Undergrad: 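Below you will find the structure I want to go over with you.
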Amino acid sequence: MLSRLVLRAAPAALRALPPPVAVGVLHTTRPLHTTQQSLAPVPPLPEKGGEVRHGLIPEEFFQFLYPKTGVTGPYMLGTGLLLYLLSKEIYVVNHETAAAACILGVIIYGIKKFGADVAAFADKLNEEKLASARAMKSESIETLQKAIEEEKKEQWRAEGRSYLFDAKRNNIAMLLEANYRERLLMVYNEVKKRLDYQVAMQNLKRQKEQDHMIQWVEKSVIQSITPQQQKESIAKCILDLKALSKSAHAAV
Amino acid sequence: LPAAVLLKDTKLMDVKLGQLGTWLAMRDFTPGGILGAVKRGYTRYYNKYINVRKGGLGGISMLLAGYIALSYMWSYSHIKHDRRRKYH
């Protein structure tokens, strides 16, 4: 019957919505994604759970009764309720009651004695898990930071490429210059060699001509000196020598 | 004047005592509705007492106490025979 009510209400509700959008656009009769829902970042877990008094009754109950009955109200209610249940034997005291009392006693003793240690141990486990997750996160953040710095450095390095090209250009210019001068020197040397050759040739030719001429003149002179002339010249020389010696004696 | 909230949407603590019957009748009793209510209740309890950083004893002890009470109520017809007095 209730479902029939809902079904009858449905078309009226649908008619109340805005008409569907024109053809060509997504056919919806409901606006999509209107809320600001977002799944991240997830809000952190609350530190402590709801307060519970004596491990059994939530604190809200005490706060609910506080304005009307003050602090002792819920305890009075509890005592009254307990006495009612016992006297009307809605709660029957039998062997199970004794067993329950012993078990509860032991449990409560155990909790009072070891509760804090167990809680600390559980907290330590939790803390370790959280610490490892945090370490991973900070590690990845650090890695990314380092990557960013490296990238910036690379960008700075890339700026200096103009200097690199200038240096290379200088090098090449120097090489060209050196090569050019080398070749110039080679040309000069070659030309000098050829010219020296020509000069040496001329000198040699002149020297040979000179030597030859001298030799020829000497030869012809020696040939022209006949034995007759030789005797005559030798006699003349002896006479000259005598005259000279005479003059020399006279001088002394 | 704030927009009037339908009786259907009010929370249980805001319902006046006279409207309680109407309110209860308007609740969703389809299987899907009941499942949704169970899920909501579970989620509320879980997020309030168990899904916290330093959970205490109260979270499970309340569940155990509820279980004890429920099982006592279910076996009351059997325990009735252990009563010490006939007339109360």
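All of these numbers come straight from a predicted model, not from anything done at the bench. Each chain gets a letter, A, B and so on, in the order the sequences are listed, and its residues count up from 1.
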Undergrad: Specify the closest pair of heavy atoms between B:T43 and B:K39, including all atoms of both residues, with the distance to one decimal.
TA: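 In this case the closest contact between B:T43 and B:K39 is OG1-O, 2.7 Å.
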Undergrad: Considering only heavy atoms and a distance below 4.5 Å, find which of A:V93, A:I111, A:I90 pairs most often with chain B.
TA: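 Highest number of heavy-atom pairs under 4.5 Å: A:I90.
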Undergrad: Check this for me, if you would: do A:D196 and A:K193 make a salt bridge, where the nitrogen-to-carboxylate-oxygen distance has to be below 4.0 angstrom?
TA: no
Undergrad: Testing the basics here: between A:P58 and B:M62, what is the closest heavy-atom pair and its distance to 0.1 Å?
TA: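 Looks like CD-SD, 3.7 Å.
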Undergrad: State, to 0.1 Å, how close B:H88 and A:E89 come at their nearest heavy-atom pair, and which atoms those are.
TA: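 Closest heavy-atom pair between B:H88 and A:E89: NE2-OE1, 3.0 Å.
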Undergrad: Would you say the side-chain atoms of A:R161 pair up with the backbone N or O of A:A158, donor to acceptor, closer than 3.5 Å?
TA: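 Present.
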Undergrad: Would you call the rings of B:Y45 and B:Y49 parallel, tilted or perpendicular if under 30° counts as parallel and over 60° as perpendicular?
TA: tilted
Undergrad: As an exercise: rank B:R53, B:K80, B:K48 by heavy-atom pairs under 4.5 Å with chain A and give me the winner.
TA: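 Top count of heavy-atom pairs under 4.5 Å with chain A: B:R53.
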Undergrad: Quick one: what part of B:Y87 sits under 4.5 Å from any heavy atom of chain A, side chain, backbone, both or neither?
TA: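 When you check distances to chain A, no heavy atom of B:Y87 falls under 4.5 Å.
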Undergrad: Please classify the contact between A:V52 and chain B as side chain, backbone, both or neither, with a heavy-atom cut-off of under 4.5 Å.
TA: side chain
Undergrad: Between atom CZ of A:F62 and atom OG1 of A:T69, what is the distance when rounded to the nearest 0.5 Å?
TA: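 OG1 of A:T69 is found 10.0 Å from CZ of A:F62.
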Undergrad: Under a 4.5 Å heavy-atom cut-off, does chain A meet the side chain of B:L57, its backbone, both or neither?
TA: side chain
Undergrad: Only heavy atoms, only distances under 4.5 angstrom. Which residues in residues 114-121 of chain A are near chain B?
TA: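 Against chain B, none of the residues of residues 114-121 of chain A fall inside the cut-off of heavy atoms under 4.5 Å.
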Undergrad: Please indicate whether A:F64 has more than 12 foreign heavy atoms, meaning atoms of other residues, nucleotides or ligands, lying under 6.0 Å from its CZ.
TA: no
Undergrad: Which heavy atom of A:V92 sits nearest a heavy atom of B:D82, and at what distance?
TA: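 Answer, listing the atom of A:V92 first, then B:D82: CG1-O, 3.5 Å.
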Undergrad: Check this for me: B:H78, atom NE2, are more than 12 non-hydrogen atoms of other residues, nucleotides or ligands nearer than 6.0 Å?
TA: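 No.
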Undergrad: Parallel, tilted or perpendicular: which one describes the rings of A:H54 and A:Y75, with boundaries at 30° and 60°?
TA: perpendicular
Undergrad: Hey, which of B:I60, B:N51, B:V52 has the most heavy atom pairs under 4.5 Å with chain A?
TA: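 Ranked by heavy-atom pairs under 4.5 Å with chain A, first place is B:V52.
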Undergrad: Strictly less than 4.5 Å between heavy atoms, which residues of residues 123-155 of chain A line up against chain B? Please order them by number.
TA: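 When heavy atoms of chain B are the reference, residues 123-155 of chain A contributes A:D123, A:N126 within the under-4.5 Å range.
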Undergrad: Tell me whether A:E59 contacts the main-chain N or O of A:R53 through its side chain, where contact means a donor paired with an acceptor under 3.5 Å.
TA: no
